[in-house]
Amino acid sequence: MAEVLQLLLFGRGCRGRVLLLPFLLTLWMTHLGYCSDHIPVLMWSTEGSLWNPQDAPNEGEVVSGSKLISYLNPAVTSGPKVILLFLQEKMSIDDFTLYGGVYGNKQDSVFSNLESAMESAASSLVLPAVDWYASNSLSAYLQEKVGTSPLYVDPVSLHELKLNESIPSLLVVRLPYTSSGILEPKDVLRSNDDIIGRVLNPLKSEGMPYTALLTALTPSRVVRDVAFAIQNTGRQLLQTSTTTYPPLAYNQTGKPCILFWASRIVVGFGNQHVEVTNETFQQNPPLSLSGSSCESNVSRLVLNYKAAKGFDNLKLTFVMSKSKYAVSNREWFTMERVEISANQTNATFNASDIYAPATYSFHCQYVSNLPRYSSMLVPHFSTNWELTITDFQIQGFGLNGTNGTNFAYASDCTGFFTPGIWMGLVTTLLFVFILTYGLHMIMNLKTMDRFDDPKGPTISVPQTE
């Protein structure tokens, strides 16, 4: 199967080739068994000896955050100073199996420029399945290692840049991906491949050494688990697709120290309300977390919205503290307060009902100051501000190198004895009481011990005054 995505499908090490076609075909046939939060990462460089053929992951292996860093370290420390990060909105291994000319149809491949770049690279590495949360921290990790802020460029602006191979540079090229029906995914991927070619060609013509990476923010497809798919092979009535995204991570020392996630965030003032969910988790460039901090006993997450509709410089602040309690002999974290500021006004809410062991995360279906959502946020003073967060989950402590991109076990705000459980228990106890009382009455019934015999003398019952 010559010249068909020779690097993506057949592979290429530093000075040799690794047959990865069976690997990718195996992934294609068995991908239903994988979790949906896996994204491929492709790396290539003009510098040789960055990766060896044996560095490729084993079949079926999902690359974790720590292992991804081990793959990136040679490129960052020993590779060229110029690093290109092609960041696509969505991508999965299915994009290469469907549109990469896997079965020898080279004319059908939409990755001609990518194939050419990786084939001519001095060293390259293909990671078909990388943990979604780890790949989303890629930009922050590169920024820390390179020591400079990322510069978002396009093919036009790249021609105007004067790059110096001795000065560290982190260039980020954003690539779209759509399945809305306006453009077919195949056409969008072909357009993205053209952008990759237009970005790399000037570097090649100038002889500029570089290291390039291609990855995405989210998977382009969400695949159901095999067991679930076997039991539910038919299409469900009114079936809809749900949008998922990784948690927002604040990195202070290169590793996440605060994780935050929600399915919906609505901020309101009086009769004006705005939803900021997409701005929080899916904005490009990422949402500014300026003012956030992580300390041993205090964590502070600040969400800065510059372009929230109707609100000028909207800011949400979550302040958490950690303390050790002698009764339980363990450390617990508490949400001290939640602050909102915008339009030169602010509000502070007491959030002490949000607490969990320090090594746990906290989850609640609704966190709001509205009575219909149990008012977990209590304003310090009367205010017109409203905040409602759906499927709220946060963790400000207990994140480490092995668990830096995933939430720990969640302590839920819903207690074990919910109103429904209490209703069931009370009803059951009432019926048990009625049954017990009835059995007691039946067991204490007394029958007559003498009966009238028609053949014998009549029973006389003396009556006395």
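- Under a 3.5 Å cut-off, the side chain of Asn343 and the backbone N or O of Asp312 do form a donor-acceptor pair.
- The two atoms that bring Ile394 and Phe333 nearest to each other are O-CZ, 4.2 Å, heavy atoms only.
- By the salt bridge (charged side-chain N to carboxylate O under 4.0 Å, His left out) test, Lys322 pairs with Glu331, sequence neighbours left out.
- When side chains are defined from C-beta on, Phe96 counts as touching Met91, because their heavy atoms get closer than 4.5 Å.
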**Report entry** Step-by-step side chain to side chain contact (heavy atoms under 4.5 Å, CB included) determination, Ile39 to Thr215
**Finding:** CA-CA 7 Å; Ile39 297 177; Thr215 186; 3.6 Å; yes
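- What you find for Trp385 and Ala347 is that their closest heavy atoms are CD1-CB, 3.6 Å.
- Minimum interatomic distance between Ala356 and Ser361 (heavy atoms only, all atoms of both residues): CB-O, 4.0 Å.
- Judged by a 6.0 Å distance limit and a 45° cone about the ring axis, Arg330 is positioned over the six-membered ring of Tyr360.
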**Prompt:** When you look at Glu386 and Leu370, which way does the side chain to side chain contact (heavy atoms under 4.5 Å, CB included) test go after all the steps?
**Reply:** CA-CA 7 Å; Glu386 295 178 2; Leu370 300 179; 3.8 Å; yes
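- Looking at Thr280 and Tyr305, their side chains do bring a donor and an acceptor atom within 3.5 Å of each other.
- No hydrogens or angles considered: nothing links the side chains of Asn251 and Glu144 as a donor-acceptor pair under 3.5 Å.
- Of the residues Leu316, Thr388, Asn278, the one that meets the side chain to side chain contact (heavy atoms under 4.5 Å, CB included) test with Ile265 is Leu316.
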### Message
Show, in sequence, the C-alpha distance, side-chain angles and deciding distance for Asn73 and Lys145, and conclude whether the side chain to side chain contact (heavy atoms under 4.5 Å, CB included) test is met.
### Response
CA-CA 9 Å; Asn73 278 336; Lys145 288 296 184 180; 4.3 Å; yes
Check: Please walk me through it: do Asp187 and Arg190 pass salt bridge (Lys or Arg N to Asp or Glu O under 4.0 Å)?
Finding: CA-CA 5 Å; Asp187 298 329; Arg190 180 178 284 111; 3.8 Å; yes
- Message: Applying side chain to side chain contact (heavy atoms under 4.5 Å, CB included) to Leu189 and Gln88, what does each step give before you reach the verdict?
- Response: CA-CA 10 Å; Leu189 291 173; Gln88 191 162 287; 3.5 Å; yes
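- The two atoms that bring Ser263 and Asp391 nearest to each other are OG-OD2, 2.9 Å, heavy atoms only.
- Interatomic distance, Ile93 CD1 to His38 NE2, rounded to the nearest 0.5 Å: 12.0 Å.
- Taking all atoms of both residues into account, the shortest heavy-atom contact from Glu336 to Asn350 is O-OD1, 3.7 Å.
- Considering only heavy atoms from C-beta on, Trp332 stays 4.5 Å or farther from Ser323 through its side chain.
- Remark: aromatic rings of Phe318 and Phe260 are close, center separation under 6.0 Å.
- Counting all heavy atoms, side chain and backbone alike, Tyr366 lies closest to Met376 at O-SD, 3.8 Å.
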